[in-house]
Amino acid sequence: MNKLILFELNEVPVRIFDYFRELKPNSWIARNHSKLKKFNTVSENQGHLSPWNTWPTIHRGVPNNQHYISDFNQDLSEVDKEFPPIWNLLSQNGIKTGIFGSLHSYPLPNDLTSYDFYVPDVFAAGSECFPENVELYQEINLKLSRESARNVDGVIPYGHILKLLRNFNDLGFNLGTMAEVGGHLVQEKLRSWKVIRRRTYQTVVAFDVFYKLLVKKKPDFVTFFTNHVASSMHRYWAAAFPDEYVDLKYDINWISTYDSEILFAMSKADKMLERLARFVDRNPEYKLLITSSMGQNAIECEPVETQLYVVDNAKFMSMLGITDADDYAFLPSMLPQFNYSINENKAGHFEDLLKNLRINGEPVCYRKHTAGAFSIDLGQSNLKETKININGHSVSLDVSGMENVVIQDKSSSTAYHIPEGHLFSYHPSFTKAAFAHNQLPTAEIAPLMLNNFGIKPPGYMKKAVLNGI
């Protein structure tokens with residue numbers, strides 16, 4: 001049995017590793033590539049692929065036509081009973097566990113006995129963490145994530161910085177990280193476009209908090225999730241790989257500005273992996289697993305000048321018949337999705353109006369979940385006019401609570417989700433790649449990890465084809 005560190009590198013396909021190590025031959029990834037056990041993974045999920053339905057497939061060992069998780073902040077109480085996430089299964093079997101940022105990890109479990117730490121994802125509805133001293137970090141992390149969901153807020157959060165600095169040692173911030181972040185804020189003053197890199201530095205800071213918990217507690221199983229490379233790939237794939245597009249509408253200035261952003265994001269992931277590899281070298285009872293739940297590839301696109309978002313929840317709710325603030329709650333989500341919980345007594349009327357909401361003649365896509373929760377898809381791009389209509393009645397844009405928000409970097413989804421991803425395994429005993437598997441279903445990763453701990457996978461999981469990782 002090995003203790004496991006699961007580094008969840010969201011949506012990064014194998015080809016990005018190859019691209020990175022070719023251009024960065026001195027990186028940890030390049031130096032250790034031949035030693036890694038490498039598996040090409042594939043998501044067996046049906047329909048639209050998204051991180052909020054593909055990560056549950058890895059964590060629960062079943063595809064989405066069984067777990068039916070499709071959006072953030074769904075009520076997962078019944079799903080957790082039928083197909084619990086792997087951290088529940090491990091902790092219930094006495095495996096000391098640490099969770100940091102894995103998707104759908106909010107709220108905290110009722111029983112934290114077998115958890116060394118538990119820090120939920122950035123779409124959590126609250127800042128509760130275990131241990132409690134991490135809640136200060138999480139409160140600021142959630143706030144920054146909300147404020148920079150699509151456009152990065154360029155205001156320097158001096159108040160947040162001071163709070164974190166006062167708790168420098170307690171939270172585990174690295175002096176090098178602090179110097180790097182300070183240097184970046186100076187860079188922003190010289191080149192304002194670099195404000196977009198705050199998304200990546202937010203992950204760099206998060207990793208410091210995670211790493212201190214890892215070193216201090218040394219749990220048997222631990223996760224760390226990061227979306228910073230996926231975010232960069234979505235926005236800037238067209239800058240890095242302009243030849244992959246039939247009709248690329250971005251100009252040379254945009255391409256030259258952003259063509260190194262995927263490399264930059266990967267370089268920060270590389271440093272995190274190097275620190276974890278050194279930890280494993282010192283503690284060879286551990287094995288480092290690096291995985292995605294799917295990948296990305298180029299899609300045809302055009303510059304995005306504006307996108308339609310909700311900017312005033314009260315007005316938006318009022319337009320849809322909910323006038324009392326006590327009758328709804330805004331739930332965090334990944335733009336351009338907007339999630340709300342509606343009082344069950346009002347949910348029927350709300351849905352009736354939502355069904356008949358039209359934007360420029362097109363119905364708005366939404367999904368209704370249990371307990372009056374709704375996920376609404378907006379984000380319409382480059383609208384020259386915005387005609388809003390409900391039940392045949394026109395609604396002005398100002399009254400609707402929506403706005404065509406100007407997009408600071410004009411990036412669209414220049415790359416999008418594909419089923420193919422990766423799983424790499426590192427241990428100091430590996431001298432060369434011992435095995436490669438071309439089509440490892442992501443639903444088989446959970447039973448592989450359970451087998452590692454000598455725990456028999458539940459009957460609903462597929463039997464793992466591989467003997468180990």
Side-chain angles (χ1 to χ4, degrees), residues 45-54 56 64-79 103-104 123 125 146 149-150 304 306-405 407 412-413 416-417:
N45 279 15
Q46 299 176 8
H48 178 253
L49 296 177
S50 67
W52 42 94
N53 68 50
T54 55
N64 64 337
N65 64 348
Q66 289 181 261
H67 64 64
Y68 290 107
I69 299 174
S70 60
D71 296 288
F72 290 121
N73 285 300
Q74 283 181 239
D75 181 356
L76 301 181
S77 54
E78 293 303 314
V79 179
L103 296 188
H104 300 293
F123 301 101
R146 309 284 192 267
R150 185 60 171 94
V304 173
T306 62
Q307 282 190 289
L308 187 66
Y309 294 145
V310 176
V311 296
D312 188 321
N313 287 317
K315 286 184 177 180
F316 186 68
M317 286 292 106
S318 180
M319 177 182 70
L320 293 169
I322 308 297
T323 56
D324 190 333
D326 292 333
D327 285 333
Y328 76 91
F330 173 72
L331 303 174
S333 60
M334 186 179 291
L335 293 179
Q337 184 185 105
F338 293 83
N339 290 346
Y340 299 92
S341 175
I342 308 297
N343 184 313
E344 290 192 34
N345 294 327
K346 304 292 180 69
H349 179 55
F350 175 84
E351 187 174 14
D352 287 341
L353 292 176
L354 185 58
K355 280 180 182 177
N356 291 288
L357 174 62
R358 300 289 183 271
I359 296 175
N360 289 356
E362 296 294 325
V364 171
C365 294
Y366 74 93
R367 289 162 302 287
K368 182 181 180 182
H369 308 295
T370 57
F374 290 82
S375 296
I376 303 169
D377 298 327
L378 294 172
Q380 292 85 342
S381 300
N382 300 334
L383 297 180
K384 294 180 180 178
E385 59 178 357
T386 309
K387 293 183 178 179
I388 302 167
N389 188 286
I390 297 181
N391 287 334
H393 300 288
S394 295
V395 179
S396 72
L397 185 60
D398 180 59
V399 170
S400 74
M402 295 182 286
E403 180 181 312
N404 289 305
V405 175
I407 305 303
S412 60
S413 284
Y416 207 64
H417 306 143

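Between the side chain of Asn389 and the backbone N or O of Gly361 there is no donor-acceptor pair closer than 3.5 Å. A distance-only check finds no donor-acceptor pair linking the side chain of Ser318 to the backbone of Lys315 [under 3.5 Å]. Between the side chain of His417 and the backbone N or O of Leu49, at least one donor-acceptor pair lies under 3.5 Å.
Take Asp312 and apply the salt bridge (charged side-chain N to carboxylate O under 4.0 Å, His left out) test, not counting sequence neighbours, and it matches no residue. Legend: residues meeting side-chain contact (heavy atoms from CB on, under 4.5 Å) with Glu78, ordered by chain and number and at least two apart, are Lys81. Residues passing the side-chain contact (heavy atoms from CB on, under 4.5 Å) test with Thr306, sequence neighbours excluded: Asn382, Asn404, Val406. Annotation: salt bridge (charged side-chain N to carboxylate O under 4.0 Å, His left out) contacts of Lys355 (sequence neighbours excluded): none. For Arg358, the side chain to side chain donor-acceptor pair (under 3.5 Å) test picks out no residue, with sequence neighbours left out. Shown here are the salt bridge (charged side-chain N to carboxylate O under 4.0 Å, His left out) partners of Asp326, two or more places apart in sequence or in another chain: there are none.
The shortest heavy-atom contact between Glu385 and Asn360 is O-ND2, 2.9 Å. Of all heavy-atom pairs spanning Gly321 and Leu353, the tightest one is N-CD1, 3.6 Å. Nearest heavy atoms, Met317 versus Phe350: CE-CE1, 3.6 Å. Pairing each heavy atom of Gly372 with each of Ala347, the nearest pair is CA-CB, 4.4 Å. When all heavy atoms are compared, the tightest approach of Ile69 to Pro56 is CD1-CB, 3.7 Å. Nearest heavy-atom pair, Leu308 versus Leu378, reported as atom, atom and distance to 0.1 Å: O-CB, 3.6 Å.
Residue Lys387 places its NZ atom among 12 or fewer non-hydrogen atoms of other residues, nucleotides or ligands, all under 6.0 Å distant.
Atom CD1 of residue Ile322 and atom CG of residue Asn313 lie 12.5 Å apart, to the nearest 0.5 angstrom. Atom NE2 of His67 and atom CG of Leu76 lie 10.0 Å apart (nearest 0.5 Å). Between the CD1 atom of Ile376 and the OG atom of Ser333 there is a distance of 9.5 Å, given to the nearest 0.5 Å. The CG atom of Leu354 lies 10.5 Å from the NZ atom of Lys368; values are rounded to the nearest 0.5 Å. Of the inter-residue distances, the one linking Asn339 atom CG with Leu331 atom CG reads 6.0 Å to the nearest 0.5 angstrom. Rounding to the nearest 0.5 Å gives a distance of 10.0 Å between CD of Gln380 and OH of Tyr309.
Residues Phe72 and His104 bring their aromatic ring centres within 6.0 Å.
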**OP:** Test Ile342 against Phe374 for side chain to side chain contact (heavy atoms under 4.5 Å, CB included), laying out the working first.
**Re:** CA-CA 8 Å; Ile342 308 297; Phe374 290 82; 3.7 Å; yes
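Side-chain contact annotation: Ser396 with Asp398, donor-acceptor N/O pair under 3.5 Å absent. There is no side-chain donor-acceptor pair under 3.5 Å between Asn53 and Ser70. Side-chain atoms of Tyr366 and Glu351 include a donor-acceptor pair closer than 3.5 Å.
Side-chain contact between Leu103 and Phe123 is present, with at least one heavy-atom pair separated by less than 4.5 Å. A 4.5 Å side-chain heavy-atom check between Arg367 and Asp377 finds at least one atom pair inside the cut-off. Between Met402 and Ile359, some side-chain heavy-atom pair lies under the 4.5 Å cut-off. Residues Met319 and Leu357 form a side-chain contact, since some pair of their non-hydrogen atoms from C-beta on lies under 4.5 Å apart.
Under the side chain to side chain contact (heavy atoms under 4.5 Å, CB included) test applied with Phe316, the options Phe338, Tyr328, Tyr340 reduce to a single match, Tyr340.
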